Amino acid sequence: MSSTRQQRYEAAAMTEDWPGVREGETFHPRALVDDVVAVRRRAADRHDAEPAFFVHGLGGSSRNWSSLMERLAGDVDCEALDLPGFGASPPPVDGDYSIPAHARRVIRCLEVSGRGPVHLFGNSLGGAAATRVAALRPDLVRSLTLISPALPELRPQRTAVPTALLGAPGASRLMRRLTRDYPPEQRARDVLRLCYGDPARITEHELAVAVAEQERRQTLPWFWDSLGRSAAGIFHAYALGGQQSLWRQAERVLAPTLLVYGGRDRLVAFRMARRAAITFRDSRMLALPSAGHVAMMEFPDAVADAFRDLCDEIAGRPGAVVPPTVSRSSAGMAPRAGSRGVDASR
């Protein structure tokens, strides 16, 4: 291992004091071809459990999946990575924060671990990367669960514009200066309020961990650069056409897909749920009217139940290696097994 790579490995390994590691979780570095990423694991309660892999969104970390992984420990063996430049992972060697680059790292992480095919989960930016992984490498994906995936919108919500502007040239440097004296607690509150549908659901524990993570992140010299470049990567992905379009890639996904959308999402419009249901050929929908952008944090029980339903459906299929193609109705809507709307706040 080269000295530079060894240093990056050691940086990712220094995770014992990283905030938000719950009891029952382990945190360790994983070396890829060039990069090193931190991986959070919650081992399954049974030895024969199938593997699951989780990819967080813009500005997030593997911690975003802890509540859901805890509830799924009896069903699947869970691993969640910190994408390069986020959480406890050092920035990527090549400086590439595009959606294709994030997808390549997910693929490499799965290949190195030898855990595929996995039940692949993605939220927001992670949902866009997971869509690309499922389209390009169906051999690695047993099922796909997308929570508010960042797929292109022609008319983004106004509340999403400030986040999109992080990708503008010079924005990360400006934000670094403007937030130099911004209290980590206030920033943590602002981020959680943006992402939650109902801020009253933010627990004191969640806030305390978010504040600790903000304090740690603001000491990292690459934090704002990683955030800005990843935001620019999303914008670039939205502009791609042809076979590289994320919607075209969504059409190619063969894996049974669970789509989760929140009615109070300020970053991904709830109206996109219908287009997603039409585009992913083997999809079913979980609509959570009271949820925001991170339904797996706000309503982990509802998301876990929907995933179990998906697994039960897959297990009941007659031994097909590749999920069968679902025919389209004359209106263009793919029939969806188990489609439902749930207000989990009731």
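Bear in mind that the values here come from a model prediction, so they are computed numbers and not experimental data. Residue numbers run from 1 in the order of the sequence given.
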Under the side-chain hydrogen bond (donor to acceptor under 3.5 Å, both in side chains) test, which residues partner R308, sequence neighbours left out?
-> D75, D305
Are the side chain of E298 and the backbone N or O of D198 linked by a donor-acceptor pair below 3.5 Å?
-> yes
Who passes side-chain hydrogen bond (donor to acceptor under 3.5 Å, both in side chains) against R189, sequence neighbours left out?
-> E185
Answer yes or no: is there a side-chain heavy-atom contact under 4.5 Å between D35 and R105?
-> yes
Establish whether L68 and I202 are linked, either directly or via other cluster members, by ILVMFWY side-chain heavy-atom contacts under 4.5 Å.
-> yes
Connected via hydrophobic side-chain network under 4.5 Å: L125 and I107 = yes
When you measure from the side chain of R201 to the backbone N and O of F299, does any donor-acceptor pair fall under 3.5 Å?
-> no
Shared hydrophobic cluster, F270 / V268 (ILVMFWY, side-chain heavy atoms < 4.5 Å) = yes
Can you tell if the side chain of S148 reaches within under 4.5 Å of the side chain of L267, non-hydrogen atoms only?
-> no
Is there a donor-acceptor pair closer than 3.5 Å between any side-chain N or O of N123 and the backbone N or O of H293?
-> yes
If we only count heavy atoms from C-beta on, is the N64 to F54 side-chain gap below 4.5 Å?
-> no
Test side chain to side chain contact (heavy atoms under 4.5 Å, CB included) on L310 and T145 and set out the steps.
-> CA-CA 9 Å; L310 173 65; T145 297; 4.2 Å; yes
Side chain R216, main chain A212, donor-acceptor under 3.5 Å = no
Is the shortest distance from a Lys or Arg side-chain nitrogen in R104 or D96 to a carboxylate oxygen in the other one below 4.0 Å?
-> yes
Main-chain N/O of R22 paired with E25 side-chain donor or acceptor, under 3.5 Å = yes
With the side chain counted from C-beta on, respond yes when L246 and R248 share a heavy-atom pair under 4.5 Å apart, and no when they do not.
-> no
Does A44 offer a backbone N or O that forms a donor-acceptor pair with the side chain of D77 under 3.5 Å?
-> yes
Give a yes or no on whether the backbone of A80 and the side-chain of R41 come within a donor-acceptor separation of less than 3.5 Å.
-> no
hydrophobic_cluster_shared for V253 and W247, side chain cutoff 4.5 Å = yes
Quick one: does L81's side chain get under 4.5 Å of V55's, heavy atoms only?
-> yes
Can you find a heavy atom in the side chain of V133 that is under 4.5 Å from one in the side chain of L120?
-> yes
Can you check whether I314 reaches S143 side chain to side chain, under 4.5 Å on heavy atoms?
-> yes
Linking I/L/V/M/F/W/Y whenever their side-chain heavy atoms sit closer than 4.5 Å, directly or via other members, would V191 and V294 fall into one cluster?
-> no
Contacts of type side-chain hydrogen bond (donor to acceptor under 3.5 Å, both in side chains), residue E206, not counting sequence neighbours = R63
Do C109 and L32 have side chains that get closer than 4.5 Å, going by heavy atoms?
-> yes
Could you verify whether a donor N or O on one side chain and an acceptor N or O on the other, from R42 and S66, lie under 3.5 Å apart?
-> no
Please confirm whether the backbone N or O of M297 pairs with a side-chain atom of S67, one donor and one acceptor, at under 3.5 Å?
-> no
Kindly say whether L110 contributes a backbone atom to a donor-acceptor pair with the side chain of S113 at under 3.5 angstrom?
-> yes
Is a side-chain donor or acceptor of S290 paired with a backbone partner of L288 at a separation under 3.5 angstrom?
-> no
Take the angle between the ring planes of F86 and H56 and call it parallel below 30°, perpendicular above 60°, tilted in between.
-> perpendicular
